[in-house]
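These notes are about the structure you will find just below.
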Amino acid sequence: MSKKITVFVFREHSARLQSLSVSTNRIVSLLCLLAAGLAVMTAYAIDYGNLKEAHGTAFNMRHKLTLQSDEISRQRRQIQFFASEINRLKSAVLAFDQFEKKIRIISNIEATPGSGSLFGIGGPIPADMEINVPVDESHDDLLREMHTQLKQVDEATMAQRKGFMALLDYLEDQRSLLSSTPSIWPTDGWISSGFGYRNSPFTGLREFHKGIDIAAVNGQAIFATGDGLITFAGPKGSMGKMIVIDHGHGMTTRYGHLKTLSKKQGNNLKRGEGIGFIGTSGRTTGPHLHYEVLVNGIPVKPRAYILD
């Protein structure tokens, strides 16, 4: 027979005493049931906490994956953009190559050795890269192609730079030659004696006249016929007061019988710059300018170089 536990209950405004008897087995059963409920609730609480933490972790991972996916998409767009820029750069290099060829044709300049193929001797021009293909399918292939074509474009631009530098040097030399060529009249007047053989006005004997005599008013200005450097300025025997200008490229001009000199030895000159005045110094029959053009020390016909 199980034992019982009796509980007496007194009410505040009643003299009646109430009692409640519960067997010990029932109390034990209730306590066990309560403990089991607490255990179940505790397990549910723990599972809920773990589930909430796992949900937070999963959310963070999804956020990170989203950011990584966005970064990968951005990088792929950049790769496609750079591939497009390489194609554009290659087109620009080819356009400059055609421009150089046109300049050489116009200037009648021979091409530099090895300039027949811009992207390598005998090598074809690399085809443009396809930038609209899905990058995730050919990411590595596109990167390798970009690396190869960048190297080719770099080599082509180096070769092109050498070609342009050679072209620039040639054109600069031509510009210097044109500006130095004695191509204008040294003074106004009329030719009283031409270039070539003549009878000397002093001896009457046949002689070779190395220049032309330009008769003009005494004191009239004389001009340099091309850019150059004065290598001599002063009296020179029968030529009287004379100026000699070295124009470079083997060309020299001489101006004789001057009245006065306005420049001196060592002066650099530009075409059309005044150097002195018509006179009768030296051996002469009247005021005039004796004008000579020499190429590599040999007198040549001055009229052949005068443009007007």
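One-based numbering along the sequence shown.
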Answer yes or no: is there a side-chain heavy-atom contact under 4.5 Å between Pro182 and Met251?
yes
Within the distance-only criterion (no hydrogens, no angle test), does the side chain of His257 pair as donor or acceptor with the backbone N or O of Gly279 below 3.5 angstrom?
no
Do Leu269 and Ile245 have side chains that get closer than 4.5 Å, going by heavy atoms?
yes
Check whether any side-chain N or O of Thr181 sits under 3.5 Å from a backbone N or O of Ser183 as a donor-acceptor pair, and report yes or no.
no
Taking only Lys NZ, Arg NE, NH1 and NH2, and the carboxylate oxygens of Asp or Glu, determine whether Arg271 and Asp227 approach each other closer than 4.0 Å.
no
Side chains of Tyr291 and Thr253: closer than 4.5 Å at any heavy-atom pair?
yes
Do Ile191 and Ile184 land in one hydrophobic cluster if side-chain heavy atoms of ILVMFWY residues count as linked below 4.5 Å?
no
Cluster overlap Tyr197 with Val293, hydrophobic side-chain contacts below 4.5 Å
yes
Indicate, with yes or no, if Tyr305 and Ile222 share a hydrophobic cluster defined by side-chain heavy-atom contacts under 4.5 Å among Ile, Leu, Val, Met, Phe, Trp and Tyr.
yes
Quick one: closest heavy-atom pair of Ser262 and Gly276, and the distance?
OG-N, 3.1 Å
Assigning hydrophobic clusters by single linkage (Ile, Leu, Val, Met, Phe, Trp, Tyr; side-chain heavy-atom cutoff under 4.5 Å), is Leu177 placed with Val295?
yes
Are Pro186 and Phe223 packed together at the side-chain level, in the sense that at least one heavy-atom pair is separated by less than 4.5 angstrom?
no
Side chains of Ile214 and Trp190: does their closest heavy-atom pair fall under 4.5 Å?
no
NZ-CD1 distance between Lys210 and Ile298, expressed to the nearest 0.5 angstrom:
11.5 Å
Carefully, step by step, assess Phe208 and Phe195 under the rule ring pair (Phe, Tyr, Trp, His ring centres under 6.0 Å).
CA-CA 8 Å; Phe208 185 79; Phe195 175 83; 5.3 Å; yes
When rounded to the nearest 0.5 Å, the distance separating CD1 of Ile212 from CD of Glu292 is 10.5 Å
If we only count heavy atoms from C-beta on, is the Leu261 to Ile243 side-chain gap below 4.5 Å?
yes
Gap separating the NE2 atom of His247 from the OG1 atom of Thr225, nearest 0.5 angstrom
4.5 Å
Check: Lys259 main-chain N/O paired with Lys241 side-chain donor or acceptor under 3.5 Å:
yes
What's the separation between atom CZ in Arg254 and atom NZ in Lys236, rounded to the nearest 0.5 Å?
7.5 Å
Are Val300 and Tyr255 connected into the same hydrophobic cluster when the rule is that any two of I, L, V, M, F, W, Y join if their side-chain heavy atoms are below 4.5 Å apart?
yes
Name the one of Val217, Leu258, Leu289, Thr260 that satisfies side-chain contact (heavy atoms from CB on, under 4.5 Å) with Ile278?
Leu289
State, with a plain yes or no, whether a side-chain heavy atom of Ser193 is found less than 4.5 Å away from one of His288.
no
Hey, what do you get for CD1 (Ile230) to CD1 (Ile275), rounding to the nearest 0.5 Å?
6.5 Å
Answer yes or no: is there a side-chain heavy-atom contact under 4.5 Å between Gln220 and Asp188?
yes
Could you give the distance from CG (Leu38) to CG (Leu33), rounded to the nearest 0.5 Å?
9.5 Å
Work out which heavy atom in His290 is nearest to a heavy atom in Gly211; give both atom names and the distance.
CE1-N, 3.8 Å
Could you go step by step and tell me if Glu207 and His209 meet the side-chain hydrogen bond (donor to acceptor under 3.5 Å, both in side chains) rule?
CA-CA 6 Å; Glu207 67 176 7; His209 192 224; over 6 Å; no
